[in-house]
Amino acid sequence: EVQLVESGGGLVQAGGSLRLSCTASGSTLDTYAVGWFRQAPGDEREGISYISSSIYSTDYADSVKGRFTISRDNAKNTVYLQMNSLKPEDTAVYYCAAVDTADRTLELVYYDWEYDHWGQGTQVTVSS
């Protein structure tokens, strides 16, 4: 069983940057696809960034494209989300999620229902 813990959230002014970390324990993430999701009060959960377990393919929601960068460091068993040029509408609880893709390591996983491991979330608040 893999456990995920997000960290790095906080309060930042618009235009600022934060780097979120998703660190796994109980298993390595080498064969896991990982996604970052966020949820603001009253809103549905939104998928924002994805990375595959092999060749590190990535993709982003239009709302964050060009501002956020997902990366992974398997040696540290960690996936990162670098968030630049933050906007107030980025305010949300950010979650990382993972699913074992050992048999399809080239694939990105886009849908929340496809993931079976989730972190507890970290709050990001962007002030005007």
Side-chain angles (χ1 to χ4, degrees):
E1 178 78 9
V2 62
Q3 295 84 43
L4 306 176
V5 177
E6 303 96 336
S7 62
L11 176 64
V12 65
Q13 292 184 340
S17 298
L18 287 172
R19 188 179 74 163
L20 305 184
S21 298
C22 175
T23 300
S25 61
S27 182
T28 67
L29 287 177
D30 295 32
T31 63
Y32 285 73
V34 175
W36 283 96
F37 296 79
R38 66 186 183 186
Q39 188 168 23
D43 293 341
E44 295 186 354
R45 187 163 51 199
E46 174 192 18
I48 56 171
S49 189
Y50 317 91
I51 189 165
S52 67
S53 61
S54 183
I55 70 172
Y56 296 178
S57 298
T58 60
D59 203 4
Y60 303 89
D62 288 342
S63 58
V64 306
K65 191 172 297 182
R67 300 187 297 119
F68 291 10
T69 302
I70 190 171
S71 62
R72 65 192 299 163
D73 185 343
N74 286 344
K76 297 181 178 179
N77 219 25
T78 298
V79 174
Y80 303 98
L81 185 68
Q82 179 67 46
M83 306 187 296
N84 299 325
S85 302
L86 283 163
K87 305 174 181 179
E89 51 262 45
D90 295 319
T91 296
V93 177
Y94 284 70
Y95 301 89
C96 66
V99 61
D100 194 347
T101 56
D103 296 327
R104 49 191 180 100
T105 58
L106 302 180
E107 296 181 14
L108 293 164
V109 178
Y110 289 96
Y111 304 108
D112 55 0
W113 52 264
E114 295 186 89
Y115 290 94
D116 54 10
H117 298 91
W118 291 81
Q120 84 291 341
T122 186
Q123 177 71 49
V124 172
T125 302
V126 184
S127 62
S128 300

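Note that the structure is a prediction, hence the values are computed from the model and not measured.
- Among the candidates Tyr50, Phe37, Trp36, the single residue satisfying the ring pair (Phe, Tyr, Trp, His ring centres under 6.0 Å) test with Tyr110 is Tyr50.
- Heavy-atom neighbours of Lys76 NZ from other residues, nucleotides or ligands within 6.0 Å: at or below the threshold of 12.
- Under the 30°/60° scheme for interplanar angles, the aromatic rings of Tyr94 and Phe68 are found to be tilted.
- A donor-acceptor pair is defined here as one N or O able to donate and one able to accept, closer than 3.5 Å; no such pair exists between the side chain of Gln82 and the backbone of Tyr80.
- Distance check: Arg104 CZ to Ser53 OG gives 8.5 Å after rounding to the nearest 0.5 Å.
- Atoms OH and CD1, on Tyr60 and Ile48 in that order, are 10.0 Å from each other to the nearest 0.5 Å.
- Thr69 places none of its side-chain heavy atoms less than 4.5 Å from the side chain of Leu81.
- Here the shortest heavy-atom pairing between Ala98 and Leu29 reads CB-CD2, 4.2 Å.
- Expressed to the nearest 0.5 Å, how far OG of Ser49 lies from CE of Met83 amounts to 11.0 Å.
- Side-chain contact of Tyr56 with Asn74: a donor-acceptor pair under 3.5 Å is present, judged by distance alone.
- Residues Val124 and Thr91 fail the side-chain proximity criterion, which asks for heavy atoms closer than 4.5 Å.
- Here the shortest heavy-atom pairing between Ser25 and Asn77 reads N-ND2, 4.3 Å.
- The shortest side-chain heavy-atom distance between Val109 and Tyr111 does not fall under the 4.5 Å cut-off.
- Scanning both residues, Ala92 and Ala40, for their nearest heavy atoms gives CB-N, 3.8 Å.
- Under the 4.5 Å side-chain heavy-atom criterion for ILVMFWY residues, no single connected hydrophobic cluster contains both Tyr115 and Leu20.
- Looking at every heavy atom in both residues, Leu106 comes nearest to Ser57 through O-OG, 4.4 Å.
- When hydrophobic clusters are built by joining Ile, Leu, Val, Met, Phe, Trp and Tyr residues whose side-chain heavy atoms come closer than 4.5 Å, directly or via intermediates, Val99 is grouped together with Tyr95.
- For residues 10-24, the set of pairs meeting the side chain to side chain donor-acceptor pair (under 3.5 Å) definition, not counting sequence neighbours, comprises Ser17-Asn84, Thr23-Thr78.
- Between Asp100 and Thr31, the side chains place a donor N or O and an acceptor N or O closer than 3.5 Å (distance only, hydrogens not considered).
- Judged by distance alone, with hydrogens and angles left aside, the side-chain atoms of Arg72 form a donor-acceptor pair with the main-chain N or O of Ser52 at under 3.5 Å.
- A distance of 8.0 Å separates CZ of Arg38 from CD of Glu89, quoted to the nearest 0.5 Å.
- By the rule that hydrophobic residues join a cluster once side-chain heavy atoms approach within less than 4.5 Å of another member, Val2 and Trp118 end up as members of separate clusters.
- The minimum heavy-atom distance linking Val93 with Gln123 is given by the pair CG2-OE1, 3.3 Å.
- With respect to the salt-bridge test (charged N to carboxylate O, under 4.0 angstrom), the residues Lys87 and Asp90 do not qualify.
- A donor and an acceptor atom, one from each side chain of Ser63 and Glu46, are located under 3.5 Å apart.
- Here the straight-line distance linking atom CD of Glu107 with atom CD of Glu114 works out to 8.5 Å at 0.5 Å rounding.
- Cluster membership check: Val64 shares its hydrophobic cluster with Ile51, using side-chain heavy-atom separations under 4.5 Å among Ile, Leu, Val, Met, Phe, Trp and Tyr.
- Using modelled atom types, one finds no donor on one side chain facing an acceptor on the other under 3.5 Å when comparing Ser7 with Thr122.
- Counting non-hydrogen atoms of other residues, nucleotides and ligands closer than 6.0 Å to CG of Asp103 gives a total of 12 or fewer.
- Considering SG of Cys22 and CD of Glu6, their distance stands at 5.5 Å, rounded to 0.5 Å.
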